[in-house]
Amino acid sequence: AQTVTQSQPEMSVQEAETVTLSCTYDTSESDYYLFWYKQPPSRQMILVIRQEAYKQQNATENRFSVNFQKAAKSFSLKISDSQLGDAAMYFCAYRTLNYGGSQGNLIFGKGTKLSVKP
Amino acid sequence: GAVVSQHPSRVICKSGTSVKIECRSLDFQATTMFWYRQFPKKSLMLMATSNEGSKATYEQGVEKDKFLINHASLTLSTLTVTSAHPEDSSFYICSAREFGRLAGTDTQYFGPGTRLTVL
């Protein structure tokens, strides 16, 4: 079974600085998806970024980028120029590559609470 | 991104009553919807997976007779908590899977959640 581990329960960053959130996973599959979701105090889960395992290039979305190391099964999230609105719980998630089936559920890590200091 | 709505956002009910929570994908068809439960400061716990037109698949330890799931159309799934008790108080989140084989999209979008309080 696949597992996702986020070893940092809490992180803090100064506004405008850069922070990296860690995520490792375990799987025997060769192809899959990886995601970072953000959950602010409103508790609405928001997709931050996704990565297909078959793509070697690291995904980027504006100030958010990932460092995907497939051999090491590592998928860290880097937030550049941190803003107060980035304060939230961040969840790393794994999903099997499953087309049209009834599965394809996300497997979440326990989350990292990010605080942004003004 | 795609939008998923959830209604109600907050509900308070008496012990022994039933509560229905609706989850809708507003601008896409969702062949698969997921229901999660989240305890304070914890991660999301998958309760069940529902596919349009078929019975839901429940995770181990989740009572299917207590948490009734119906996925009547490609845009609507409902979760009914039957004979609710205080221990059912929690935050319930639905998620809809947007899958487009030709477009190569396969992403889960989440509803805003429902806070259930059982007195």
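Every chain is numbered from 1 and lettered A, B, ... according to where its sequence line falls, protein lines coming before strand lines.
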Next item on the list: For B:V62 and B:R37, run side chain to side chain contact (heavy atoms under 4.5 Å, CB included): C-alpha distance rounded to whole Å, both residues' side-chain angles, the deciding distance at 0.1 Å, then the answer.
Entry: CA-CA 11 Å; B:V62 178; B:R37 185 172 179 175; over 6 Å; no
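For chain B, no part of A:M89 is nearby; none of its heavy atoms comes within less than 4.5 Å. Heavy-atom distances place no part of B:Q6 under 4.5 Å from chain A, backbone and side chain included.
Chain B forms the most heavy-atom pairs under 4.5 Å with one residue out of A:K110, A:K113, A:M45, and that residue is A:M45.
By the side-chain contact (heavy atoms from CB on, under 4.5 Å) test, A:T112 pairs with A:Q6, A:Q8, A:M11, A:L21, sequence neighbours left out. Considering only residues two or more places apart in sequence or on other chains, B:Y36 meets the ring-ring contact (aromatic ring centres under 6.0 Å, His included) condition with A:F108, B:F110.
Surrounding CD of A:Q57 are at most 12 heavy atoms belonging to other residues, nucleotides or ligands under 6.0 Å away.
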